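This report concerns only the one structure given below.
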There are 2 protein chains.
Amino acid sequence: MSFSIGDLGKATGTKVETIRFYEKSGLLPAPARTAGNYRTYDREHLNRLSFIRRARDLGFSLDQVKALLSLSDDKDRSCLGVDEIAKAHLIEVERKIADLTALHTELSRLITQCSCGTIADCRIIESLSPA
Amino acid sequence: MSFSIGDLGKATGTKVETIRFYEKSGLLPAPARTAGNYRTYDREHLNRLSFIRRARDLGFSLDQVKALLSLSDDKDRSCLGVDEIAKAHLIEVERKIADLTALHTELSRLITQCSCGTIADCRIIESLSPA
DNA sequence: TATAGACCCTGTAGCTACTATAGGGTCAAG
DNA sequence: CTTGACCCTATAGTAGCTACAGGGTCTATA
């Protein structure tokens with residue numbers, strides 16, 4: 001079984017340009033070419049791209065995905081490295097949630113205070129303006 | 001009272017490059033220059049930059065900040081436009097929190113499942129790999 | 001007066017993770 | 001033999017800065 005880049009894109013929900021971008025970024029190995037210089041992918045590539053997509057959907061950065069891919073190649077190795085990357089990412093996600101939650105509180109407060117009159121007595125503008 | 005770009009930066013916690021970037025982006029008006037071609041800012045600039053920083057801290061995009069600034073100039077106008085921008089931003093923040101919370105659930109689940117043995121039986125790698 | 005150091009200037013390239021062109025080549029169907 | 005769908009490379013754009021390179025200006029001190 002071999003796929004064109006378009007087939008691979010459809011199979012994984014990835015744009016063609018993104019696949020080429022992953023190749024240039026070193027996430028996806030450069031595949032063989034046809035006589036007409038078209039890329040041809042096999043099941044290995046499909047698996048690897050699926051892995052990349054899932055990891056990206058979980059919010060891992062490209063560098064983290066690269067690290068996860070290379071760790072996943074060595075089956076006998078300890079998975080401590082994987083755990084470390086995942087935990088670091090989890091902490092980052094927690095940090096973002098905390099930041100956004102604080103932001104949400106602040107924004108809600110401002111919006112409910114606004115009585116929707118004129119700019120002159122708008123609480124949103126007021127709280128953005130210096131004292 | 002007039003400030004150099006460095007003074008303005010210190011007063012607002014903004015890097016000099018960022019101030020020049022805001023000027024080029026149309027957020028901050030181009031100030032007067034000294035004989036030696038240095039930018040000189042006054043209190044008006046300081047107020048405007050403070051406004052920008054607060055709005056940015058609240059997560060508004062540069063385009064939103066630009067809109068808020070131009071709305072804030074017309075004191076007699078209704079503040080409905082301001083309210084609209086703030087509410088749109090709030091919804092966006094809520095969406096991000098929801099996304100990150102879902103991600104957090106998923107990541108936590110993966111990490112707790114990992115018994116930290118070898119890659120071969122790592123649940124994190126397993127759940128990233130295709131069936 | 002000379003010079004060191006802190007500051008300022010413009011312009012450009014870099015970062016993430018793509019996306020969107022421009023300007024071409026390849027291939028199968030009608 | 002031509003149309004249309006697909007593919008190719010290379011480059012520029014997105015947000016919001018940040019970091020140079022390669023210069024000029026200003027002030028304090030020897």
Side-chain angles (χ1 to χ4, degrees), chain A residues 2-28 30-41 45 49 51-69 85 88-89 92-93 95-96 99-100 103, chain B residues 2-28 30-41 45 49 51-69 85 88-89 92-93 95-96 99-100 103:
Chain A
S2 77
F3 317 92
S4 70
I5 195 168
D7 294 340
L8 190 63
K10 265 167 218 147
T12 58
T14 315
K15 299 204 169 168
V16 164
E17 291 88 349
T18 305
I19 297 175
R20 287 195 283 246
F21 168 73
Y22 286 159
E23 178 182 329
K24 213 170 55 180
S25 309
L27 281 159
L28 212 50
R33 301 285 182 129
T34 66
N37 201 31
Y38 285 20
R39 287 169 177 83
T40 44
Y41 297 96
H45 289 101
L49 183 52
F51 186 105
I52 294 169
R53 295 304 288 180
R54 291 181 204 203
R56 291 287 304 129
D57 284 347
L58 285 171
F60 289 102
S61 71
L62 292 186
D63 274 354
Q64 286 173 326
V65 175
K66 211 180 291 187
L68 288 172
L69 277 168
I85 292 173
H89 180 43
E92 190 60 18
V93 169
R95 203 189 50 72
K96 282 182 186 165
D99 285 358
L100 285 170
L103 214 63
Chain B
S2 78
F3 316 94
S4 71
I5 195 167
D7 294 341
L8 190 62
K10 264 168 220 146
T12 59
T14 315
K15 299 205 169 168
V16 164
E17 291 88 348
T18 305
I19 296 175
R20 287 194 283 247
F21 168 73
Y22 286 160
E23 178 182 328
K24 213 170 55 180
S25 308
L27 281 159
L28 212 49
R33 301 286 182 127
T34 65
N37 201 31
Y38 284 19
R39 289 170 177 82
T40 43
Y41 297 95
H45 290 101
L49 182 53
F51 185 107
I52 295 169
R53 296 305 287 181
R54 290 181 204 203
R56 293 287 305 130
D57 284 348
L58 285 170
F60 289 101
S61 72
L62 292 186
D63 275 354
Q64 287 173 325
V65 175
K66 212 180 288 188
L68 288 172
L69 276 168
I85 292 172
H89 180 42
E92 190 59 19
V93 168
R95 203 190 50 71
K96 281 183 186 165
D99 286 358
L100 284 171
L103 212 66

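Worth saying up front: this structure is predicted, and the values here are computed from it rather than measured. Just so it is clear: chains get the letters A, B, ... in the order the sequence lines come, proteins before strands, and each one is counted from 1.
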Rounded to whole angstroms, how far apart are [atom1] on [X] and [atom2] on [N]?
X       : N      : atom1 : atom2 : result
A/Ile19 : C/dT19 : CD1   : P     : 11 Å
B/Leu49 : D/dG16 : CG    : C1'   : 15 Å
A/Phe3  : D/dC7  : CZ    : P     : 13 Å
A/Asp7  : D/dC6  : CG    : C1'   : 10 Å
A/Leu27 : C/dT16 : CG    : C1'   : 13 Å
A/Glu23 : D/dC8  : CD    : C1'   : 11 Å
B/Asn37 : C/dC7  : CG    : P     : 19 Å
B/Phe21 : D/dC20 : CZ    : P     : 18 Å

Of all the choices, [options], which nucleotide is nearest to the side chain of [X] once you look at every atom?
X       : options                : answer
B/Tyr38 : D/dT18, C/dC9, C/dA17  : C/dC9
B/Ser4  : D/dC17, C/dC18, C/dC8  : C/dC8
B/Ile5  : C/dC9, D/dT11, D/dC6   : C/dC9
A/Lys15 : C/dA20, D/dT18, C/dT10 : C/dA20
A/Glu17 : D/dC17, D/dC8, C/dT21  : C/dT21
B/Arg39 : D/dC6, C/dC9, D/dC17   : C/dC9
A/Arg20 : D/dG16, D/dC8, C/dC9   : D/dC8

Once you apply a heavy-atom cut-off of 4.0 Å, does A/Thr34 come out as touching a base, just sugar-phosphate, or nothing? nothing
For A/Arg56 and B/Lys24, take the nucleotide of DNA chain C holding the closest heavy atom to each; which residue's nucleotide lies nearer the 5' end?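 Mapping each residue to its closest nucleotide by heavy atoms, the 5'-most match is B/Lys24.
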Between A/Asp57 and A/Arg53, does any NZ, NE, NH1 or NH2 come within less than 4.0 Å of an OD or OE carboxylate oxygen?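 Answer for the salt bridge query: no.
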Identify whether the distance between the nearest side-chain nitrogen and carboxylate oxygen of B/Glu17 and B/Arg20 falls below 4.0 Å. no
Decide yes or no for A/Leu68 and A/Phe51: does some side-chain heavy atom of the first lie under 4.5 Å from some side-chain heavy atom of the second?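 SC-SC contact between A/Leu68 and A/Phe51 confirmed.
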List the atom of B/Tyr22, the atom of B/Thr14, and the distance in Å for their closest heavy-atom pair. CE1-CG2, 4.4 Å
Do you know which two heavy atoms are closest between B/Gly59 and B/His89, and how far apart they sit? O-CE1, 3.0 Å
Under-4.0 Å side-chain N/O to phosphate OP1/OP2 contact, A/Tyr22 with C/dA17: no
D/dT9 phosphate, OP1 or OP2, under 4.0 Å from A/Arg33 side-chain N/O: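 Answer is yes, contact under 4.0 Å.
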